[in-house]
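Working notes for the structure below.
Quantities reported herein were computed from a predicted structural model and do not represent experimental measurements.
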Amino acid sequence: MLIQLSFVLFCFYGMSREKESYSFRDQKMQVHGGTLETSGAYVIGEDAALTDQVFLAMELPGLKKGVYEVRIDYDTDAEQVSRVVSETVGYRKLYENTVSMRPSHIQKEISYRFMLLEDAEDLRAEILYTGAGTLSVADFKVVHTRQEYGMVLFFVVLFSLLADLLFYVFMWNRDKIPGKTGRKIVFGLFAVFLLSCANLLIDYTHLGDDAFFHLNRIEGIAREWMNGHFPARLESYCMFGMGYPMSIMYPEVFLWPAALLRVMGFDLSFCLKADIAFVNLLTVILSYFSFKNIFRSRRIGLWGSAVYSLSLYRLYNIYDRAAVGEFIAMTFLPLICWGLTRVFSEKEEEVRDKRTVLLLAFGYMGVLYSHVLSLEFVTAFTIILCLMLWKRFFRKSTLLTFVKSALLAVGLSLWYLLPFLDYSLSAGLNVFDTGNPIQILGLYPAQLFWFFPWRGWSSYMYVSGMQYVRAYGMGAALAVVFFCFISFRIRGVGERRLRDFPEYPKIRTAAAVGILAMFMSMNLFPWDAISEISAGMQKVVYSIQFPYRFLVMVTISFCFVGCGLFAVLRQEGDGKKGTCFAVSIVVLTVLGSSFYLNHEIQGRSWSDFREAAAMGSGMIGNGEYLPAGTDTSELPYTQASAGEGVTLKDYKREDSHAEFWCENILSEDSYVECSFLYYPGYRAVSAETGEHLAVVPGGNNVLRVEVPSGYAGGVAVDFIGKGYWKVGNAVSAVLWIGVLAFGIMRYRLRKRISGNSEAEETMEE
């Protein structure tokens, strides 16, 4: 512990040391064209012709290894470029990205980091002139951030925890070391986890379809934390400082590990890959314990974990679509299955047990914290399940457990739900506009049952045929499970019918849900006819976007069916049928997933992306969370404007804070429009009197501060959210503390009972 503590203190000492700054006024500069103005700014115009486009280069000889940040204040009317270069630094010893310096009406300053893994003698930070417009550089410096110590701290803490756990087990709890079967289970789970992370074990990145959107979320959350805002609400970094409420509308909890790593200094690609690895580990563990407890077998738990964690559609969501919310939501579906099997159990004690309430609450809450649309899917299928099992659903104990679970989940999530519902009901965002018809986007049966699909470039078969289609489908393993169920249902298992086994009701129900989801994922399902029933139904249908999303429910349903068939076949004869079935499905799973992962990593172009500035902060997908009617090309990203009769001075903006001085000489109210998008939760306060000024949406949904007649003075604008959001925070905090306290007390009680039982046995002996 002393050794570990010394390493931790060393890291904190390193982070607290002086952050050296290398300014262009102090370093040796190379100027290739342009002039040095009396103001100290370097200026170049369109008449300059430059070799390799290098306008300004700051030489940084003798630079020590570490994490550095380049900061540039500039003014330009056309896009320019900045980069860090060295001819002598070894391969993979300099991690950097070339970044764009966007025109000044979008942004006037830029910062980006680079990591140096060995000392360098010829490092240069350069600004390139693209030949268009005028470029003026007012400030140009490089700062040693010392974040390399934060990165070391992460690995020190990680490996220390692992070492302490192993030391504790082997020194003081040797009786808790798993036996032979237990060690096989642990090895199997580790192998499944490792295979699920296969395409992360590279020193570059394959960025899926939605990767940049989620990388922008990670950067936005991290910057809000560094500004002292936790939890993040409206990311002021996004939209080049205009602000964007991603954390209000898109749950962020399972991006917190990535955001924490970003704060510590890791590049964005590593943060996303680490977060995927964390989710994969969580999926492997939760699916193992869920299937193990549902079917009361560790072997079935391991089998179910392998088939589910390596399922084709889950891997496709991770590595091809980069559908972060959807694949995180899939993590909690086995937990929900575990809770549902208990709440619909014949045993009343299982239905009423507090564990059932917690399983359902945390299962649905996990999906909520991942992806709201997935929660809608899961809720809809839960309702269908309740209708299928209506006799057990309408039991008093079952209804009471569902109500308790729902209230607990809502209470624990109130900190997120209040802002989300507030914006959903009153903010008028694009996400609630009508989308497009979806039936034509459904799957063909050939896609659904395609055994070995690869990573194709075409989303829909009607565009290119099967040759280039993407990896939509059940995958070989689950397709075989489906056909095995049909066969056993018709022909029976050995000398018995499938319905003779006690597991049959669970298998039948899961299969019915899976078959319904299969039908809904295909273009045979009448989505267009359903959408024509009413305007409300049209919005519901169009919000689905892609029918293949129902493959989530297909995957979990037939993994459950597979576990049930494994349990049934183990009871036949000497169990060889069960072993044969299990091995066959696992082999198909591994072959299918390996085939896909191999094709994905070879077929997708590689990326060395690392830094947020290389993509800009405008990666907002389709702009779902913009106020309806906003024209992003006309936004005043860096400028404020005043209405008639108002004099505006000293406008400054930093993050979600702006301040200015204004005077209204008219006999009626006027306004000042700031460089923020208007969202509910902004507040404007007079610097002199502390009175609140009205904040309303202005032209093009820009934030407008109404200035009363005769007003003269300073104004400060900040995003603070709504007052009742804090009430939600408090309620959730109290409930979380209560749940944790309950868990600790229950654990101690179990330990005490176990200890007393062992003591009594010793006394009897």
Side-chain angles (χ1 to χ4, degrees), residues 24 31-37 39-50 52-58 69-84 97-113 125-141 212 215-216 219-220 223 235-244 609 611-621 623 626 630-642 648 651-656 658 660 673-677 698-703:
F24 77 132
V31 185
H32 306 273
T35 59
L36 176 61
E37 302 290 314
S39 62
Y42 288 94
V43 180
I44 190 171
E46 288 187 345
D47 55 341
L50 303 175
D52 297 328
Q53 296 184 319
V54 178
F55 159 48
L56 200 58
M58 180 194 301
E69 185 173 57
V70 179
R71 300 172 184 172
I72 306 172
D73 291 345
Y74 65 92
D75 192 10
T76 183
D77 47 12
E79 187 165 327
Q80 314 299 338
V81 177
S82 180
R83 67 185 181 189
V84 176
N97 283 144
T98 299
V99 304
S100 294
M101 300 165 57
R102 290 167 178 79
S104 297
H105 72 277
I106 297 178
Q107 61 183 128
K108 294 184 176 180
E109 58 185 26
I110 193 171
S111 64
Y112 63 94
R113 282 180 274 187
E126 298 180 340
I127 296 176
L128 279 61
Y129 176 65
T130 59
T134 300
L135 170 62
S136 173
V137 179
D139 195 13
F140 182 21
K141 61 185 175 183
F212 285 111
L215 290 168
N216 199 32
E219 182 72 11
R223 294 200 181 215
E235 282 81 355
S236 57
Y237 161 78
C238 296
M239 287 294 294
F240 303 102
M242 295 293 293
Y244 197 62
F609 172 82
E611 192 50 40
M615 66 177 177
S617 63
M619 296 295 177
I620 57 171
L626 289 172
T630 302
D631 183 354
T632 56
S633 65
E634 298 296 328
L635 291 175
Y637 291 97
T638 58
Q639 302 295 326
S641 60
L648 175 64
Y651 178 78
K652 297 177 182 177
R653 185 191 73 183
E654 183 176 1
D655 303 318
S656 58
F660 54 87
E673 289 190 348
C674 302
S675 51
F676 293 127
L677 275 170
N700 200 23
N701 293 308
V702 173
L703 184 144

Dump the intermediate steps for side chain to side chain contact (heavy atoms under 4.5 Å, CB included) on Ile72 and Asp139, then the final yes or no. CA-CA 6 Å; Ile72 306 172; Asp139 195 13; over 6 Å; no
What's the spacing between [X] [atom1] and [Y] [atom2] if we round to 0.5 Å?
| X | Y | atom1 | atom2 | answer |
| --- | --- | --- | --- | --- |
| Phe212 | Glu219 | CZ | CD | 13.0 Å |
| Ser104 | Tyr637 | OG | OH | 14.5 Å |
| Asn701 | Thr630 | CG | OG1 | 3.5 Å |

State, yes or no, whether a side-chain contact exists between [X] and [Y] at a heavy-atom distance under 4.5 Å.
| X | Y | value |
| --- | --- | --- |
| Leu648 | Phe660 | yes |
| Ser82 | Leu128 | no |
| Met239 | Ile620 | yes |
| Ser675 | Met242 | yes |
| Asp73 | Val137 | no |
| Leu626 | Leu677 | yes |
| Ile127 | Met101 | yes |
| Lys108 | Gln639 | yes |

Any donor-acceptor pair under 3.5 Å linking the side chain of [X] with the backbone of [Y]?
| X | Y | answer |
| --- | --- | --- |
| Asn216 | Ser617 | yes |
| Glu79 | Pro103 | no |
| Ser656 | Ser236 | no |
| Asn97 | Ala614 | no |
| Glu46 | Gly133 | yes |
| Gln80 | Ala78 | yes |
| Asp631 | Ser633 | yes |
| Thr76 | Thr134 | yes |
| Gln107 | Glu109 | yes |

Any idea which heavy atoms bring [X] and [Y] closest together, and the distance?
| X | Y | result |
| --- | --- | --- |
| Val702 | Glu673 | CG1-CB, 4.1 Å |
| Ala640 | Cys674 | CB-CA, 4.3 Å |
| Phe55 | Gly34 | CE1-CA, 4.2 Å |
| Gly241 | Phe676 | O-CD2, 3.7 Å |

Please say whether more than 12 non-hydrogen atoms of neighbouring residues, nucleotides or ligands are located less than 6.0 Å from CD in Glu69. yes
Cationic N near anionic O, under 4.0 Å, Arg83 to Glu126: yes
Without hydrogens or angle criteria, can the side chains of Ser111 and Arg71 be said to hold a donor-acceptor pair below 3.5 Å?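 Not at all, the side chains of Ser111 and Arg71 share no donor-acceptor pair under 3.5 Å.
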Donor-acceptor side-chain pairing of Thr35 and Glu37 below 3.5 angstrom: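 Yes, because at least one side-chain N or O of Thr35 sits under 3.5 Å from a partner of the opposite role on Glu37.
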Please determine whether side chain to side chain contact (heavy atoms under 4.5 Å, CB included) holds for the pair Ile110 and Val99, giving the CA-CA distance in whole Å, both sets of side-chain angles, and the decisive distance to 0.1 Å. CA-CA 9 Å; Ile110 193 171; Val99 304; 3.8 Å; yes
Give a yes or no on whether the ring-centroid distance for Tyr237 and Tyr244 is below 6.0 angstrom. no
Tyr42 and ring pair (Phe, Tyr, Trp, His ring centres under 6.0 Å): which partner among Tyr74, Phe24, Phe140, Tyr129?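 When Tyr74, Phe24, Phe140, Tyr129 are each tested with Tyr42, the ring pair (Phe, Tyr, Trp, His ring centres under 6.0 Å) holds only for Phe24.
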